[in-house]
2 protein chains.
Amino acid sequence: MFLTDYAKALNTTGAGLYGEPDCLHGLFAKQPAEYLAPGQALFFEGDEARHIFEVIEGTLRVFRIISDGRRVITGFLHAGDIVGVSLRNDYLYTAEAITTAKIRRLPRRQFEAAVASSDGLRQDVLARVCDEMAAAQDQMVLLASKSAEERICTFFQKYLRRALSEGSLQPVVELPMSRQDMADYLGLTIETVSRTITRLIGKGVLNVLDPTARHSIRIERPGMLAQLAGDDDDCIDMRRDLQAQGERRRH
Amino acid sequence: MFLTDYAKALNTTGAGLYGEPDCLHGLFAKQPAEYLAPGQALFFEGDEARHIFEVIEGTLRVFRIISDGRRVITGFLHAGDIVGVSLRNDYLYTAEAITTAKIRRLPRRQFEAAVASSDGLRQDVLARVCDEMAAAQDQMVLLASKSAEERICTFFQKYLRRALSEGSLQPVVELPMSRQDMADYLGLTIETVSRTITRLIGKGVLNVLDPTARHSIRIERPGMLAQLAGDDDDCIDMRRDLQAQGERRRH
DNA sequence: CGCTATTTTGAAAGGGCTCAAGAGTAGTGG
DNA sequence: CCACTACTCTTGAGCCCTTTCAAAATAGCG
């Protein structure tokens, strides 16, 4: 069975035999698509991590349930994301569809065989793991030090950037997730999220397009949003100085 | 020059030629040791990530300075830890010695060549990256949802586990870092850290061994510490039920 | 149109933060 | 040996932001 799997991996992924692009997307391209209904889980925390998944369409939330029953969302998955790479035996979290989602899956062994046999795939995997770690770091900084307003603005700014980089001509972010999802992701309560957004509307920073569609938000003042997000990069200049000070102090 | 590096990598690491153990530690073993004084930086956030490091002795803090000048510590490094793997072009954070530290370094290219040529090394790298992601997840959960007391207890518990697994016969944790370091790591202020520890001493959970050495802490009631840390695992049973409920609710 | 789920809004309480001062601990040099 | 200084840590009081609890408003859906 092991050998069969391995052979299949070599056949379907080709390891370069078919001249496929050396990227992960190509690996999944030939797998059948699967669909998840909103609220349906892709896998559960604690389950044996048998597959790696690529998200083709839709959005998923990745979360853990803690002892008091609350939910902590550690990230969202969007089209193009791969989930399950940086895991060992078991899934560390549950992944659940927010919208209807289209995904493809690959058995772990098959995935690993393909990656082991291709430099290009290895680089792609490494790059994605690096991005994942960078995102985790940013989230730690956000949770450790930012106010509710800064968290919300950082969140919107991230989605605004995504929308613009995907060619959107208008500064409008479509948020598939609920206010509760945002709260669980940002380490806040739903009330604080709601209140903060109301306050941002009051300041003229953003606006809800249509009361009917509270998930579409137009950013009226992107510059102000960036400021309120509170990670101005003009502090980089200060860092060396601060650290130099620290060293001087210590000696 | 590229070829030289690559050849050197193959020579020194052997890719199995010399039968070295297929682990990362072996990769670094032949590099010269370097020493860092307390407070000295190993590298700075934003620097080009030219090397991978292994910590041989001592403790380092890994942190970022945010725009308002505060410091967010995202982790500590101890003997046996490798730093710099899950990075791309630049270091995302500064790494700085807390105690005198002994480290070894390997040029990035050399490291990558060695890893590319050895299945064993690849597995080791993957395992470490997985651990790093798991730790980041745990930290996000801690920062998003735990009270000051829970954070402190979680922190002590982690160090207690480490001490016991390293063969310590007494429930004593030696904390090389300052209260300020703990605060910046746990997303609290130094005052809150201090007050919380005082309160825990009052409850009889722990004790500071010697006023002279405030960094040595004896855990008087490990069980109570675990409870107060607030991540009882008896909630796993509930998770399925809760999630099943969620699905029922949605349909 | 009526029901349910989600979101918003309000008032009160609490936990951690800020500001400020005090205590304990090296390290230095007379 | 002790005064002096610098630094870390502790303790105290008041305040502010977020949470909690409660209810109203709005949206989604059969």
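Values reported hereafter were calculated over all heavy atoms of this structure, with side chains retained and with hydrogens, waters and symmetry mates removed.
Between B/Tyr91 and B/Phe44, the gap from one ring centroid to the other reaches at least 6.0 Å. Taking the centre of each ring, B/Tyr93 and B/Phe63 stay at or above the 6.0 Å mark.
Of the listed nucleotides (C/dT9, D/dC9, C/dT18), D/dC9 has the atom at the smallest distance from the side chain of B/Ser178. Closest approach to the A/Thr198 side chain among C/dT9, D/dT19, C/dC17 is made by C/dT9 (side chain taken as heavy atoms from C-beta onward). Ranking D/dT10, C/dT7, C/dC17 by closeness to the A/Ser194 side chain, first place goes to C/dT7. Candidate nucleotides C/dT7, D/dT11, C/dC17 were compared by shortest atom distance to the side chain of A/His215, and C/dT7 ranks first. For A/Glu191, whose side chain is taken as the heavy atoms from C-beta onward, the closest listed nucleotide among C/dT18, D/dT20, D/dT18 is D/dT20. For B/Ile190, the side-chain atoms get nearest to D/dC9 when compared with the rest of C/dC17, D/dT19, D/dC9.
Judged as a side-chain hydrogen bond (donor to acceptor under 3.5 Å, both in side chains), the pairs with a partner in residues 198-209 of chain B (not counting sequence neighbours) are, in order, B/Glu149-B/Lys203.
Relative orientation of the A/Phe76 and A/Tyr159 rings is perpendicular, given thresholds of 30° and 60° on the angle between their planes.
The backbone N or O of A/Arg162 sits less than 3.5 Å from a side-chain atom of A/Ser165, completing a donor-acceptor pair. Without hydrogens or angle criteria, B/Arg151 side chain to B/Lys146 main chain gives a donor-acceptor distance under 3.5 Å. B/Thr99 places a side-chain N or O within 3.5 Å of a backbone atom of B/Thr59 that can act as its donor or acceptor partner.
The residue B/Ile197 sits apart from the nucleic acid: no heavy atom pair falls under 4.0 Å.
For the helix from C/dC1-D/dG30 to C/dG30-D/dC1, the axis fitted to the five pairs at one end and the axis fitted to the five pairs at the other end meet at an angle of 30° (nearest 10 degrees).
Contact between the side-chain N/O atoms of B/Thr192 and the OP1/OP2 oxygens of C/dG16 is not found at any separation under 4.0 Å.
Donor-acceptor pairing under 3.5 Å, judged by distance alone, is present between the side chain of A/Arg195 and the base of C/dG10. With hydrogens and angles ignored, no donor-acceptor pair under 3.5 angstrom links the side chain of B/Gln180 to the base of D/dC7. Scanning atom types as modelled, no donor and acceptor separated by under 3.5 angstrom connect the side chain of A/Glu149 and the base of D/dC17.
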